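Here is the structure we will look at, set down as structure tokens.
Note that these values count all heavy atoms, side chains included, but never hydrogens, waters or copies made by symmetry. Note that the structure is predicted; figures quoted are calculated from it, not measured. Within every chain, numbering begins at 1; the chains are lettered A, B, ... in the order of the sequence lines, protein sequences first and strands thereafter.
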Amino acid sequence: MESLIVCVGERRGHVAELVRGSDDPVTVGRSLDNTVVLTDPYVGQHQLVFFKQDAHWHVEVVDDVNPVLLNDAMLKRRTFPVTSGDRITIGRTHLDIYSQGYQVEPTRKLLLSNWLYGGKTAFCVAFLTVLIIALLDALFDYFMYAQSNEWKSQLNTVFSTAASILVWASVWSLIGRLAREQAHYALQLLVTSLACGLMVLTIPLIDLVNYITSSNLAGAIAACTLTFILLAWLLRWNIYFSTHPPKPALTALLISSACVFTYYGLAVLKEPDFILSPQYSASLKPPFVLLQSGQSIGDFLFDASVLTDAFDVDVDSGSSLDANPTPTAE
Amino acid sequence: MSLQKALGRWIVATVVLLLPTFMLAEPTDAAKSTAQTLFVDLQPLVFQVRVIDIGSGDKYSLGSGFQISPQGHVATNFHVISAFAHEPDKYRLELVTSTGAIESALLRNIDVVHDLAILKADGLTPQFLSLASKPLEKGRRIYSVGNPFDLGMTIIEGTYNGLVKRSRYQKILFSGSLNSGMSGGPTVSATGEVVGINVSKAGEQISFLVPASHLQILMGLLPATEKTINFKHEILKALYKDQDDFFTALLAKPFAIKSLGELSIPGDIDESLRCWGHSDDTEDALYDATHQHCRSDDDIYISDNLVVGDFTYDAEWISSTGLNPLQFYTFLQARFTHSELIGVALEKDITQYKCNTDFVAIGNHTWKASVCFRAYKEFAELYDALFLMALVESKDKGAIVKSGVSAISKENALALFKAIMESVQWNR
């Protein structure tokens, strides 16, 4: 390496501290007379010395109170050579070592960059998408659930769907404005609309699972899974456009898990301990997905007969038919 | 006109004018006299029956009763003394005589199906009321005695209208106004024989009596000794036998079949079920629907919070006149609900339902069916059973058949549901 560059940390899109060395030694430590001054209490006052020997840079460990790691491997020697791209770890501090000619990664293309800075065109398309999705929701609502030709009730669906999308996108735009001074409202509208559209198209799957399995539990699991996936997908893009964290997908998965777990957990906790009405699979849709012709009457009633075995009724001798009857007068 | 003639005419006119009054008065006086006479004769033999809460010493419930043997046996309704039957350690029984004397009583036997109970008290006179050995003719005047609303012993006159038709349990229809507190009191003929025991009312001048013949049977089943009786066991035995007898007889013969739209279904399952039907074919609706709803009017009182004996049977035929398949099945799905059984039941009395739901092949068609059971915590081997099925093969035609029975054995419930399923047919 011709010259040494020591990078300490990263903050708000740029290197926290970058020291360019010449051929002179570069010292690292907590003491203020070092070239690179650190504040980590686990770093010694005079911790490291970078020096050039035979046209190569080396590091000497001056303070051996705490171990020094090179690329996550503990060093056993006091002096070792360093090359461009190495990472030295002392305590809680990472030092990245580079030469001037270090090749950084190629420029990444910003996703949907035409939309990020598309101006009025992007807004128009986004609002149009909101309208289309709201109309799609109303159309689905009509074709699946309407019992009469009353179109007025569908208008309510259009307005409520559009309002929900606008509010959600607005909240995330506000977060983006505060965190990165970039609202990206059009993009937030677009992804929220797409997520809403996906939800409209996939919600019938819940009924389908319930119908095929004749199980409310299976339907509930399907609902939980679908909600988790859609919410995670939506949050991934909301978070990406608003805050651009290093791992938006992981963050979205964690938030989605927490939301779904909390919602369904509260729903389970809110259920009364004792329910007087029967709980059974009441789904009859979609009728065109009848995958089986049905079991025989005898088999069905046999399955029903074992239901009574599951009752945990404490039968004392007095309330069972097996108890001795009271003798009657002659 | 001479004075004699005028006086004669005046006498004739007076007699002619007053004669109808005398003629009408004579039977009314006779009727009042019968009621008065009966009241005087019956009053010493009719008591107020009280259930006393031992803890507070106050009345928990009130009713009436009457002496039926020289040994001091007293008849009343089961529902008057049910609290004592369920919790004999918490309550005690008292009889209050016409003179105000209070006698303690023991519970000797019960007939929960017909809502009867026999108590026994010491210290009563050997006089007692006789039970009528044969039924009266319709239209006869009968007299009900009891203590309504704790206001004192009263007598109410009414008409005997025979046994209620289409009833699972025998009940006499009494055209008189029974009131709360008169339960358990006697209703007697003009000769003073007990025709029935006051039990309930259904409206103005519509009341019901338990025929005295059931009291006669219960008297014959009195225990030989005065040992402690497990009344919960007796209730279970009676309920089990009653439902077994009823459903064995019901299922012994095939159901009469009738048409409902394109469906052949059981018509009158039993004469005790009262059926009503109606059709929905309004102009704005995009479907036509025909319904039949049947329900039994009879029930069996067990306690303040538990009434059993409900039996329902419903059928619907629905066809679409403008709904697409998804809309039609949304409508059908909303109606795919189990029957609701009438009969208060709390968590301490009954478990939650457990259900089995699946697709069933009936005839050559597929139905979605559901059967649910819940158990009685104090009466083993008795369950509330629900049955529901919907036709799911056609895109524009549907049917729903359902039934619900309270306090039935598992075997009888499954046999009933099997009979219904095998009787239903879609005549496509």
Side-chain angles (χ1 to χ4, degrees), chain A residues 142-149 204 207 211 214-216 273-288 290-308 310-330, chain B residues 221-225 227 229-230 232-234 236-237 240 284-286 323-327 329-333 336-338 345 347 351-362 366-373 375 377-381 383 386 390 392-393 395 410 414 417-418 421-422:
Chain A
Y142 173 75
F143 276 111
M144 289 193 69
Y145 305 112
Q147 302 296 301
S148 59
N149 289 324
D207 242 358
Y211 178 70
S214 294
S215 166
N216 282 341
D273 290 335
F274 184 77
I275 303 172
L276 270 176
S277 56
Q279 306 297 301
Y280 59 101
S281 167
S283 175
L284 294 182
K285 294 186 302 186
F288 45 82
L290 193 59
L291 301 179
Q292 48 184 313
S293 59
Q295 54 183 187
S296 67
I297 295 175
D299 289 343
F300 172 73
L301 291 175
F302 176 78
D303 291 342
S305 70
V306 302
L307 289 171
T308 56
F311 288 119
D312 184 21
V313 175
D314 182 21
V315 177
D316 61 45
S317 59
S319 60
S320 164
L321 284 170
D322 295 330
N324 290 328
T326 308
T328 55
E330 291 180 4
Chain B
L221 296 173
L222 280 172
T225 57
K227 58 191 277 185
I229 299 170
N230 187 329
K232 280 200 172 62
H233 177 72
E234 295 302 311
L236 171 63
K237 265 188 1 183
Y240 193 90
D284 296 338
L286 299 175
L323 298 173
N324 67 45
L326 289 172
Q327 292 169 334
Y329 272 84
T330 296
F331 175 75
L332 200 66
Q333 187 169 302
F336 189 62
T337 55
H338 272 293
E347 186 179 353
T351 66
Q352 293 189 128
Y353 278 106
K354 289 195 189 296
C355 299
N356 176 52
T357 308
D358 212 332
F359 294 95
V360 186
I362 299 175
T366 306
W367 297 67
K368 182 162 183 175
S370 174
V371 167
C372 299
F373 284 103
K377 291 183 177 177
E378 292 195 326
F379 303 115
E381 299 167 62
Y383 306 91
L386 302 176
V392 293
E393 250 193 28
K395 293 177 184 160
K410 179 177 76 172
L414 293 173
F417 299 155
K418 180 171 185 280
M421 291 167 90
E422 289 174 344

Go through the steps for A:Phe143 and B:Leu326 under the test side-chain contact (heavy atoms from CB on, under 4.5 Å), then give the verdict.
CA-CA 7 Å; A:Phe143 276 111; B:Leu326 289 172; 5.7 Å; no

Please check this pair: side chain of B:Asn356 against backbone of A:Leu307, looking for a donor-acceptor N/O pair closer than 3.5 Å.
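Not confirmed, B:Asn356 side chain does not pair with A:Leu307 backbone.
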
Under a 3.5 Å distance rule, please check whether B:Glu347 uses its side chain to pair with a backbone N or O of A:Leu276 as donor and acceptor.
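Flag not set: sc B:Glu347 to bb A:Leu276 has no pair under 3.5 Å.
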
Distance (rounded to the nearest 0.5 Å) between A:Ile297 CD1 and B:Met421 CE
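Going from the CD1 atom of A:Ile297 to the CE atom of B:Met421 covers 5.0 Å.
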
Part of [X] within contact of chain A (heavy atom distance under 4.5 Å):
X        : answer
B:Ala390 : side chain
B:Leu386 : side chain
B:Leu323 : side chain

side-chain contact (heavy atoms from CB on, under 4.5 Å) partners for A:Thr308, two or more places apart
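Here the qualifying residues are A:Phe311, B:Phe373, B:Tyr383, B:Lys410.
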
Of all residues at least two apart in sequence or in a different chain, which pass the side-chain contact (heavy atoms from CB on, under 4.5 Å) check with A:Ile275?
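For A:Ile275 the side-chain contact (heavy atoms from CB on, under 4.5 Å) partners, ignoring immediate neighbours, are A:Pro272, A:Ser277, A:Gln279, B:Gln352.
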
For chain B, which candidate among A:Ser305, A:Ser215, A:Gly298 shows the most heavy-atom pairs at distances under 4.5 Å?
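Most pairs with chain B among the choices: A:Ser305.
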
Closest approach of A:Pro278 to B:Cys355 (non-hydrogen atoms, all atoms of both residues):
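Smallest heavy-atom distance, with atoms named: CB-SG, 3.8 Å.
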
Quick check: closest heavy atoms across A:Phe300 and B:Ser370, and the distance to 0.1 Å?
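Heavy atoms only, the tightest pair is CZ-N, 3.9 Å.
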
Do other residues, nucleotides or ligands put more than 12 heavy atoms under 6.0 Å from the CZ atom of A:Phe302?
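No, because the 6.0 Å sphere around CZ of A:Phe302 holds 12 heavy atoms or fewer from other groups.
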
Working for side-chain contact (heavy atoms from CB on, under 4.5 Å), residues B:Phe336 and A:Tyr280:
CA-CA 10 Å; B:Phe336 189 62; A:Tyr280 59 101; 4.1 Å; yes

At a heavy-atom distance under 4.5 Å, which candidate from B:Val360, B:Thr337, B:Leu286, B:Val371 has the highest pair count against chain A?
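Ranked by contacts with chain A, first place is B:Val360.
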
I need the residue from B:Thr330, B:Ile362, B:Asn324, B:Leu414 with the largest number of non-hydrogen atom pairs under 4.5 Å to chain A.
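Most pairs with chain A among the choices: B:Thr330.
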
Does one side chain, of A:Ser281 or B:Lys368, offer a donor that lies under 3.5 Å from an acceptor on the other?
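Yes, side-chain donor-acceptor contact under 3.5 Å.
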
